[in-house]
Amino acid sequence: MAKARSASRRSTTSLEAVDAQTKQHRSTEEQRYLAAYPFHPDLLEALYGKWTQLEGFQQTRGILKTLASALRDAVAWDKQPLIGAQVFLAGPTAEGLSTAANELANIAQVEQYDGRKQNWPAILSAELGHAAEAQEGLPGVAGREIEQAVMATFLHSQPIGQQAKTRDLKLLVGIAAPDPINLDQGLAAWADNSWYLDDLFTGEREGGLPKVWRLGSKPNLKQMHAAARAGVSDSLVDVVLEKAIQDAGRLTEGARAAGAKVHKLPAKPADIDDDGLFHYAVLGPAAAGDAGKPSAYARRFLDETTGPDKPRALNRNAVVLAVPARDALAAARDKVRDLFGWEEVQRLLKERDDLDTVTTTRLGANLKNARAEVVSAVVLAYCIAVTVNESNTVAAYRINVDNEPLFTKLIADKRLRIETSAVNAEALLPGGPYDLWADGDTARFVKDLVGAFAATASLPKMLNREAILETLLQGCEAGRFVLRSTRADQSQRTFWLTRPDATATAEPTLEVVLPDAALLTEIDPATLAPKVLPGLWDNNAVSWPGLTDYFSGKHLVSEDKGGWSETLLVPAAAADALKAAVGAAVKKGTVWLINGTASLLEDEVPAGCINEHARLLPPPVPLTATDLLPERLPAAWKGTETAADHLRTALSADLGKALPWITVRRALDQGFKLGLFERTLDSGPWPCDLGGAPAVRLRFVQGTKEPGGAGDQDAADLNDSAKIATATLDAHDLVDLAEVIDTVLAAAIGHDLQWRVTVTLERDGGVSAEAIEGINAVLAKVKKGWMLQ
């Protein structure tokens, strides 16, 4: 009796740690255990209350026979104070089910549920295995309490449809004083990994544990998934894995926009062109490697073009590969198997009619999670970058990947040396950081400078090859060097302070030539316009000798760089190139040429007119019709009549130099259109060139109002202090005026500012009615009644 009391106290004390009710009712519970000694009262209750309902169980005789069998096997190792669920376990070193557990499983197997038998021996074996894994590493359940919980759940689950609560399990397994925390941890782990616990209950938890435990009465999704997963072939996994890689946008996101040529799962090295452009390739599972150990398959894409006998010798530095890590790839394969398993479970369950809403919902969630995990696992698997290092050796680098696009991570990793920022022109010249010029070089092909970054492993990997070319083109526009192309006939084109056209840019002979070695064979006429070339127009005029000295190849200029200045050498220019540029600039009207009596603007320059006596000037200020009036230019008029050449002569005398005819002609055009002047009956034709000017006779029309004065407003309406600005504006001048109109209005605050606009339409042979109609339609929208007349 003393032994029974001691065992009852020990058991009650142990259970107090895992069951609050036992602690509250200790005395009653202790008496309950004493009354059932040496058996656990809950074990007897389960056997008598539930198992006696089974047809194959022989009531008390069956119970005694089963317990005798269990005790016979457990007596050698069981040290617990009461006979409980532990006695149905096989010995600690034995394999399979104990004799007693096997007998119980066979009895339960006779029972059917919805016309189907439960394979309880297999179920118990599997669940005891899961329980053993769940209790590993938990020293507080060294008495195999989680395995006991499997047997306790099994005992409470009979007949089919019966169940146990968490307290029922803890009362049966807690008599050997398990650690409460470890016990809950082990039970939760078993519930998470069980194949046969009923899913209807394991999802609803309290304190981390299912409220209800039941084995075998419903199909368990995890068991079905594990079985389906095991049947997935490796070849099928590979097919789905490659599709997942192909569909994983994160692996290439942003690469094309950054300037890379992107290759997703190229089949062979030849799929990556050896063209010097930056190539980014995502290789398939066959290229898997580890940090510092690129696979032979990945190496081929850097070492070969079309085969081992055709090496990728020139542009290896322009290729970066993303490959999966071996360990991460294995994890991705597992996720693919998981997805296949859940899809197969879904297919199988469509044939069943015993599914509840909880099971269907859990299956849907598992499928959704499995699909997301495949995508995530694939992205995380690609954490190895393979490329050549500074020594031109194929290297593999482990990249810390996360939710950011992979290409963004590759760019940020300094070991890969991918350069995204633009290179300035000076960096590509001798003395720059990239050392692209040999000693004594005065010229280098553009294609070689652009291609050097792809061909030379010691240089950065330039993400945008076109940006290097653009840098060279901009350097030419800025005058840092000359670009020169050689035609098939060995003649040359040169570009300086201008952008080469598309034809020249595409020429393989295009070279960068240093200023001290260049000879300009062509000069953009726009560069001769006033104030374009530093120091050329300092005196507001340029002589021919001054121009040739400027382009002698020895002239240095200082360029303001905003806080500091830079000295540049002006390249030499051939005399014919200079003359052609001057002639074109004069013809275009950006430069005014004077040589003796010759005054040329917007005219062809006669041969021989450009010599040591020639001078270049900024175009003269445009004249208006009022500048030609008798009161303004009395020396040119005899009463109210004059000749066109007299007007030019008088104006030139006032200016101190011969005016170009175009300046006078435009003022006369304006006067004729405004009605200030009219030709006499004996006048020559109009318009005319300078040679016809003496024959053009004109008369001032008395009583007309001066344009640019009051216009269509009486002069008396204007204040004596009014200031008037008159100019002839081309279309682009009007655009410029529109851009600064707000500035003019701001400057005129407090004043009466008015605008008078005259629109003139002319054409040799007369203007068309369609043009007049079209322009009038637009003018009327601006101001009612405004039209050409």
Side-chain angles (χ1 to χ4, degrees), residues 240-266 271-272 277-295 297-298 301-302 316-336 338-339 368-390 394-423 453-454 459-468:
V240 174
L241 185 61
E242 289 213 1
K243 185 179 186 306
I245 295 169
Q246 191 70 254
D247 295 342
R250 278 299 174 89
L251 298 180
T252 56
E253 183 180 337
R256 285 189 178 87
K261 291 188 72 173
V262 177
H263 308 269
K264 205 70 167 298
L265 300 179
D271 291 340
I272 301 177
L277 299 178
F278 186 96
H279 292 269
Y280 169 58
V282 177
L283 301 187
D290 297 301
K293 297 178 180 179
S295 66
Y297 183 83
F301 284 81
L302 290 163
R316 285 154 52 91
N317 199 45
V319 180
V320 174
L321 311 173
V323 306
R326 296 183 194 279
D327 56 345
L329 181 62
R333 289 180 185 276
D334 279 345
K335 294 301 181 182
V336 172
D338 284 345
L339 176 58
K368 182 179 179 181
N369 291 337
R371 292 190 181 103
E373 287 176 357
V374 166
V375 175
S376 178
V378 165
V379 172
L380 293 177
Y382 277 82
C383 57
I384 302 291
V386 179
T387 188
V388 294
N389 58 23
E390 294 182 14
V394 178
Y397 304 96
R398 186 103 184 191
I399 308 298
N400 292 323
V401 295
D402 52 26
N403 289 326
E404 281 191 81
L406 177 58
F407 194 71
T408 301
K409 288 290 189 179
L410 298 180
I411 290 175
D413 196 306
K414 299 301 182 184
R415 296 171 298 173
L416 303 183
R417 303 176 298 114
I418 300 175
E419 183 60 60
T420 59
S421 57
V423 180
F453 292 88
L459 295 178
K461 304 176 195 300
M462 297 303 297
L463 183 56
N464 192 343
R465 176 188 172 99
E466 294 303 316
I468 308 173

May I ask you to test the [X]-[Y] pair for a side-chain heavy-atom distance under 4.5 Å?
X	Y	answer
I384	Y397	no
C383	K409	no
N464	E419	no
I418	P460	no
L329	L241	yes

Taking the side chain from [X] and the backbone from [Y], do they hold a donor-acceptor pair closer than 3.5 Å?
X	Y	value
Y280	A322	no
R417	L459	yes
R415	R398	yes
T252	V262	no
D271	P266	no
K264	Q246	yes
K461	V320	no

Original post:
From S295 OG over to R326 CZ, what is the distance, rounded to the nearest 0.5 angstrom?
Top reply: 6.5 Å

Original post:
For atom CG of N400, is the number of surrounding heavy atoms from other residues, nucleotides or ligands below 6.0 Å larger than 12?
Top reply: no

